[in-house]
Amino acid sequence: MTDSQIHDYRAGFVAVIGRPNVGKSTLVNALVGSKISIVSSRPQTTRHRMLGIASFPDGQLVLVDTPGIHAKQSRAMNRHMNRAARGAVSDVHASILVIEAGRWHSDDALAYQALKDSDVPVLLVINKIDKLKDKDALLPFIKQVTENREFASVHLISALKSKGTADLVRSLLQLMPESEPLYGEDEITDKSQRFLAGELVREQLMQRLGDELPYSATVEIEKFEENGGLLRIGAVIWLEREGQKAIVIGKGGQQLKAISTSARLGMEKLFGSKVFLETWCRVRDGWSDDEAALRRFGYND
Ligand code: GDP
Ligand code: MG
């Protein structure tokens with residue numbers, strides 16, 4: 001590398017903020033180019049702050065994916081998630097406010113306020129433009145949202161289809177300081193494979209069981225062993241009540257089998273190796289409202 005190339009390289013942290021379900025995790029995955037952050041149509045799928053590392057020839061973006069900011073904070077889990085989202089805004093070089101095309105929600109305003117209280121540039125991402133039927137409504141919508149609010153730039157994006165992301169990356173890199181890469185260029189996240197394995201099982205629970213299962217269901221990886229190119233993983237699905245077991249296991253074990261198979265395929269794709277996955281259910285009473293239990297399951301940031 002010549003001197004001038006070294007000086008052209010930019011790297012920094014970018015917080016991805018917004019109300020639940022606007023597509024923050026989908027956007028992070030699109031920028032990183034791998035599915036590291038789980039996605040579902042249920043709000044509150046993302047429970048932890050996690051880093052997505054996106055490396056380009058001229059720079060590196062370390063994206064901080066966050067749980068959605070929302071006004072209701074009744075339970076310990078919600079308090080944890082709001083803390084994680086607001087904490088992400090400190091110590092970044094730019095923030096992205098993600099909203100859904102065509103809808104401006106009071107929780108969007110809440111997220112904007114949280115960003116404005118920090119001192120970093122805010123980029124507006126209007127996501128899910130592929131869903132918008134009336135394209136003529138877009139200009140008035142942009143005007144409504146940007147009037148009296150300050151954004152470094154505005155981007156029309158479909159995170160799902162990776163549309164509009166190149167322009168967003170260019171704008172973000174310009175806002176980053178000149179720096180060496182902050183992470184190895186082959187790294188994609190700060191989380192361990194063990195953590196990601198648990199998340200992929202939880203994603204299946206969220207996607208397949210919809211509203212039948214309370215938000216409190218969680219996954220603990222009890223075994224994670226590598227042996228001759230094969231990963232042996234044991235996952236416990238923790239539930240709040242005995243009665244929830246039947247829902248997760250399903251008739252003749254079909255549901256749990258489907259959850260296991262899809263999670264295993266996701267792991268094989270992400271880890272690039274063969275996976276042998278065992279999953280089972282256990283019950284623990286009322287843990288999602290119990291701060292000590294939250295810490296035990298890793299919700300401690
Ligand atoms: P988060 O809660 O903000 O992290 O949102 P997710 O990334 O989990 O996405 C929530 C839902 O919106 C999922 O069902 C995604 O597939 C969907 N979604 C995300 N981005 C887009 C997009 O650009 N277009 C469409 N049509 N759906 C999207
Ligand atoms: Mg998310």
Side-chain angles (χ1 to χ4, degrees), residues 14-52 54 63-72 77-78 80-89 95-105 107-112 114-115 123-135 137-138 141 154-169 189-191 195-196 198-211 215 218-219 262 266 270 299 301:
V14 179
V16 182
I17 303 290
R19 70 182 162 84
N21 219 27
V22 290
K24 296 179 295 300
S25 297
T26 308
L27 178 64
V28 168
N29 292 338
L31 295 176
V32 170
S34 286
K35 208 190 56 244
I36 51 158
S37 196
I38 64 169
V39 168
S40 91
S41 58
R42 299 185 80 191
Q44 307 183 24
T45 300
T46 305
R47 290 181 181 167
H48 304 265
R49 187 185 335 172
M50 86 182 277
L51 300 185
L63 301 145
V64 189
D65 189 13
T66 60
I69 287 187
H70 53 104
K72 281 185 256 148
M77 173 66 82
N78 287 351
H80 159 80
M81 293 204 295
N82 273 334
R83 260 198 316 266
R86 286 177 198 279
V89 180
S95 294
I96 301 174
L97 174 64
V98 185
I99 65 171
E100 203 175 313
R103 288 193 216 165
W104 177 258
H105 189 281
D107 277 349
D108 294 329
L110 196 71
Y112 175 75
L115 292 178
L123 287 77
L124 178 67
V125 161
I126 302 177
N127 190 32
K128 306 197 188 182
I129 51 157
D130 57 289
K131 264 177 78 179
L132 205 68
K133 290 196 188 75
D134 180 11
K135 305 279 182 214
L138 207 47
F141 177 72
V154 178
H155 301 268
L156 300 173
I157 299 261
S158 169
L160 194 65
K161 304 195 158 134
S162 276
K163 290 266 163 64
T165 51
D167 200 43
L168 174 64
V169 166
T189 177
D190 64 324
K191 297 288 190 206
F195 174 89
L196 296 170
E199 288 289 276
L200 286 169
V201 176
R202 196 164 63 77
E203 178 177 54
Q204 290 305 314
L205 290 173
M206 305 286 277
Q207 286 186 356
R208 287 168 190 276
L209 298 176
D211 298 329
Y215 287 114
T218 194
V219 177
S262 297
L270 187 59
Y299 295 98
D301 52 0

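One-based numbering, in listed order, for ligands and for the atoms of each.
- Within the 4.5 Å cutoff, the side chain of Val125 has no heavy atoms near those of the Leu97 side chain.
- Arg103 is linked by a salt bridge (charged side-chain N to carboxylate O under 4.0 Å, His left out) to Glu100, counting only residues two or more places apart in sequence or in another chain.
- Contact of the Leu123 side chain with the His155 side chain is registered, since non-hydrogen atoms from C-beta on lie closer than 4.5 Å.
- Within the structure, the closest approach of Ser40 to ligand 1 falls below 4.0 Å when heavy atoms are considered.
- Taking backbone and side chain together, Asn21 holds no N, O or S atom under 2.8 Å from the Mg ion (ligand 2).
- Sorted by first and then second residue, the side-chain hydrogen bond (donor to acceptor under 3.5 Å, both in side chains) pairs involving residues 25-35 (not counting sequence neighbours) are Ser25-Ser37, Ser25-Thr46, Ser25-Asp65, Lys35-Glu203.
- When the heavy atoms of Arg19, Lys128, Glu100 are ranked by distance to atom 17 (C) of ligand 1, first place goes to Lys128.
- Residues Lys163 and Ile157 form no side-chain contact, since every pair of their non-hydrogen atoms from C-beta on lies 4.5 Å or further apart.
- Proximity to Lys24 (heavy-atom distance under 4.0 Å) selects the following atoms of ligand 1: 1 (P), 2 (O), 3 (O), 4 (O), 5 (O), 7 (O).
- Not one N or O of Pro20 is nearer than 3.5 Å to an N or O of ligand 1, by distance alone.
- Of all atoms in ligand 1, listed by their number and element, those nearer than 4.0 Å to a heavy atom of Lys131 are 26 (N).
- Distances between N or O atoms of Ile38 and those of ligand 1 include no value under 3.5 Å.
- Annotation for ligand 1: atoms under 4.0 Å from non-hydrogen atoms of Ser41 are 14 (O).
- One finds the NZ atom of Lys128 at 14.0 Å from the CD1 atom of Ile126 (value rounded to the nearest 0.5 Å).
- Considering backbone and side-chain atoms together, Leu160 places an N or O closer than 3.5 Å to an N or O of ligand 1.
- More than 12 heavy atoms of other residues, nucleotides or ligands shown are found within 6.0 angstrom of NZ on Lys135.
- Against a heavy-atom cut-off of under 4.0 Å, Asn127 is close to the following atoms of ligand 1: 20 (N), 21 (C), 23 (O).
- With Asn21, Ile17, Val22 as candidates, the residue nearest to atom 10 (C) of ligand 1 on a non-hydrogen basis is Asn21.
- Of the listed residues (Leu132, Thr165, Ile129), just one forms a side-chain contact (heavy atoms from CB on, under 4.5 Å) with Ser158, and that residue is Ile129.
- For ligand 1, the atoms closer than 4.0 angstrom to any heavy atom of Ser158 are 23 (O).
- How far CG of Leu124 is from CG of Asn127: 10.5 Å, rounded to the nearest 0.5 Å.
- Close approach to Ser25 involves these atoms of ligand 1, each under 4.0 Å from a residue heavy atom: 4 (O), 7 (O).
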